[in-house]
Amino acid sequence: MVLLPARRALLAAGRRWLPRHYAPVAARPSSGAGGEPESEGPGRDTALLRHLLLKLRATGPVTVAEYMREALTNPGQGYYTRRGGIGESGDFITSPEITQVFGELIGIWFVSEWIAAGKPKAFQLVELGPGRGTLTDDMLRVFKQLASLLSKCDVSIHLVEVSPKLSEIQALLLTGGKVQSNPEDNSAYMKGVSKTGIPISWYRDIQDIPPGYSFYLAHEFFDALPIHKFQRTEKGWREVLVDIDPEVPDQLRFVLSPSRTPAMEIFLQPEETRDHVEVCPEAGVIIQRLASRIEEDGGAALVADYGHDGTKTDTFRGFRDHKLHDVLTAPGTADLTADVDFSYLRKMAQGRTATLGPIKQREFLKNMGIDVRLQVLLQNSHDTATHKQLLHSYDMLMNPEKMGDCFNFFALLPHQRLAHPDKKHKQESKSSLPPVAGFSELLMK
């Protein structure tokens with residue numbers, strides 16, 4: 001979850017002495033757009049750092065995945081559970097925070113897929129990690145504008161959120177703060193009704209969401225899930241771990257495992273050709289669950305995130321106050337992120353669903369009609385400031401040097417959604433399913 005084009009953060013490591021069994025990880029130069037990660041100095045101390053130091057002294061080095069999990073979701077001091085700084089005053093800005101157009105087009109995508117599915121009588125819209133709720137709010141506006149089309153459809157919103165602070169912000173935006181905590185339904189920890197009359201429920205895990213025809217949205221969600229990092233060495237593959245720096249006892253550094261680790265045995269592929277690999281097991285598990293649900297109940301999943309198709313290597317980085325931040329400095333005070341490997345997500349769908357993408361954000365939004373929507377908004381804007389803001393927002397979303405090429409869209413769909421008519425039914429092809437919006441040009445009627 002970051003503001004500007006992806007830049008590699010330098011791994012904080014030195015060529016200092018290490019205990020005999022652990023080799024230091026040499027710092028790698030940034031391969032991004034330049035810039036050193038921001039560090040708050042060696043004296044920066046946090047309660048979470050003290051907790052981690054005690055843990056490392058007791059157990060030895062931990063995986064990067066375990067470090068990320070502590071830094072981001074530790075119940076008392078994790079970044080998302082305590083801060084979750086989204087927006088101009090936070091640590092990063094997401095596309096929905098830039099302009100309403102983004103969320104409107106995403107809402108149209110789901111309505112388009114609902115129509116292609118034959119307009120089921122009900123659908124659940126599930127968002128994973130909804131941030132401040134801005135994207136859901138924009139989609140609800142679309143549903144309200146299309147009320148006549150959706151009048152016979154029972155729509156409900158289901159938000160998967162682990163941060164108490166962010167769930168409060170979401171509830172205030174979406175319901176005006178009128179929610180019921182700890183409802184009798186044990187699966188949801190909070191319930192309310194949107195300002196437009198649509199029921200909203202909050203959950204801590206996707207498994208708690210009731211079964212049924214559902215659309216899933218994961219916008220800048222997978223990039224914040226914990227990753228394992230593996231490095232090819234002269235002695236073979238080794239896992240990158242986090243340990244205490246023996247020369248500066250209140251600081252952390254990266255080390256290499258002395259031998260193969262359980263994670264290497266499970267997650268490393270024999271055919272891997274890269275020298276450095278990041279694997280996100282939690283992302284794989286979630287994709288499996290989404291694919292299984294879509295296969296059983298119908299629906300679709302749309303993923304939008306920084307990422308690549310199995311080509312990148314070291315993408316682990318931190319952000320604080322919209323600047324690169326040393327990932328091992330002051331844990332719990334910065335957003336930690338790594339690019340999503342869409343080739344891994346495709347593999348983990350295990351053929352249960354069809355997949356589309358990844359496709360660049362600028363291509364997806366252009367196919368969805370962002371240029372047409374922009375022109376309408378510009379024509380309706382009557383002051384220079386609004387006019388400039390609209391153009392600035394469009395540039396942020398579409399410029400290849402900003403978000404246009406850094407973000408990718410990826411979809412899971414039922415196999416029958418992409419089925420082509422048989423040759424013997426060619427004469428009936430006019431009634432065949434329309435192309436999937438975004439991944440091909442939206443049919444404007």
Side-chain angles (χ1 to χ4, degrees), residues 95-96 102-118 120 123-130 135-136 139 142 158 160 206 209 213-223 225 280 283-310 339-370 397 403-420 432-443:
S95 296
F102 184 87
E104 290 174 349
L105 296 179
I106 300 299
I108 290 172
W109 190 88
F110 287 118
V111 173
S112 174
E113 285 306 299
W114 172 73
I115 293 172
F123 73 75
Q124 301 181 143
L125 178 60
V126 181
E127 185 174 2
L128 310 181
L135 186 51
T136 296
M139 291 188 291
V142 170
H158 303 260
V160 180
I206 189 174
I209 296 170
Y213 188 92
S214 302
F215 292 124
Y216 303 91
L217 176 61
H219 177 261
E220 292 198 62
F221 172 76
F222 286 106
D223 70 316
L225 297 180
C280 182
V285 170
I286 291 172
I287 286 292
Q288 287 177 337
R289 289 174 180 165
L290 293 180
S292 178
R293 281 174 169 257
I294 292 170
E295 182 183 39
E296 293 175 9
D297 301 323
L302 187 64
V303 177
D305 224 317
Y306 279 93
H308 57 93
D309 209 12
D339 284 11
V340 177
D341 184 345
F342 289 105
S343 68
Y344 178 68
L345 300 191
R346 188 183 303 112
K347 179 178 180 180
M348 296 311 291
Q350 298 176 323
R352 290 176 175 168
T353 63
T355 61
L356 287 177
I359 182 175
K360 300 295 184 186
Q361 174 170 290
R362 61 185 172 87
E363 297 176 40
F364 180 88
L365 295 179
K366 188 175 183 65
N367 290 339
M368 288 299 301
I370 190 173
L397 292 179
M403 289 181 163
D405 275 4
C406 296
F407 272 94
N408 292 271
F409 279 76
F410 178 83
L412 302 179
L413 297 154
H415 285 290
Q416 60 268 30
R417 175 65 179 91
L418 303 181
H420 298 288
S432 63
L433 294 173
V436 179
F439 297 89
S440 57
E441 288 190 28
L442 184 66
L443 300 177

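The first residue in the sequence is number 1, and the count goes up from there. This structure is a prediction, so every number in the text was calculated from the model and none was measured.
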Exercise: identify the closest heavy-atom pair between Leu418 and Ala354: CD1-CB, 3.5 Å

Please walk me through it: do Phe439 and Trp109 pass side-chain contact (heavy atoms from CB on, under 4.5 Å)? CA-CA 10 Å; Phe439 297 89; Trp109 190 88; 4.2 Å; yes

Verdict with supporting geometry, Leu217 and Met139, side-chain contact (heavy atoms from CB on, under 4.5 Å): CA-CA 11 Å; Leu217 176 61; Met139 291 188 291; 3.6 Å; yes

Once side-chain hydrogen bond (donor to acceptor under 3.5 Å, both in side chains) is applied, do any residues pair with Thr353, and if so which ones, sequence neighbours excluded? none

If you compare all heavy atoms of His308 against all heavy atoms of Asp339, which two are closest, and at what distance to 0.1 Å? CD2-CB, 3.8 Å

All heavy atoms of Ile359 vs all of Gly438, minimum pair found to be CD1-O, 3.8 Å

Identify, with sequence neighbours excluded, every residue that meets side-chain hydrogen bond (donor to acceptor under 3.5 Å, both in side chains) alongside Lys366. Asp371

Of all heavy-atom pairs between Gly310 and Asp341, which one has the smallest distance, and what is that distance? N-OD1, 3.2 Å

For Ala301 and Leu290 the tightest heavy-atom approach is CB-CD1, 4.3 Å

Rounded at 0.5 Å granularity, tell me how far OH in Tyr306 sits from CD in Gln361. 9.0 Å

From SG (Cys280) to CD1 (Ile287), nearest 0.5 Å: 10.0 Å

Are Val340 and Phe410 close enough, and set up right, to give a side-chain contact (heavy atoms from CB on, under 4.5 Å), and what steps lead you there? CA-CA 11 Å; Val340 177; Phe410 178 83; over 6 Å; no

If the plane angle is over 60° it's perpendicular, under 30° parallel, otherwise tilted; pick one for Phe102 and Phe409. tilted

To the nearest 0.5 Å, what is the distance between CD1 on Ile106 and CG on Leu125? 10.5 Å

Quick one: pull up CD1 in Ile370 and CZ in Arg362 and give me the separation to the nearest 0.5 Å. 12.5 Å

Counting only N and O atoms by type, is there a donor-acceptor contact under 3.5 Å from the side chain of Arg352 to the main-chain atoms of Arg289? no

Give, for atom CD of Glu127 and atom CG of Leu135, the distance between the pair rounded to the nearest 0.5 Å. 4.5 Å

Please name the pair of heavy atoms, one in Asp305 and one in Phe222, separated by the smallest distance, quoted to 0.1 Å. OD2-N, 3.2 Å

Applying the ring-ring contact (aromatic ring centres under 6.0 Å, His included) criterion to Phe123, which one of Tyr213, Tyr216, Phe215 satisfies it? Phe215

Would you say Ser440's side chain and Val436's backbone share a donor-acceptor pair under 3.5 angstrom? yes

Take Thr355 and Phe342, measure what side-chain contact (heavy atoms from CB on, under 4.5 Å) needs, and give me the verdict at the end. CA-CA 10 Å; Thr355 61; Phe342 289 105; over 6 Å; no

Should we count NZ of Lys360 as having more than 12 external heavy atoms under 6.0 Å? yes

Between atom CZ of Arg346 and atom CG of Leu356, what is the distance when rounded to the nearest 0.5 Å? 10.0 Å

Pairs involving residues 410-419, ordered by first then second residue, that meet side chain to side chain donor-acceptor pair (under 3.5 Å) (sequence neighbours left out): Glu113-Arg417

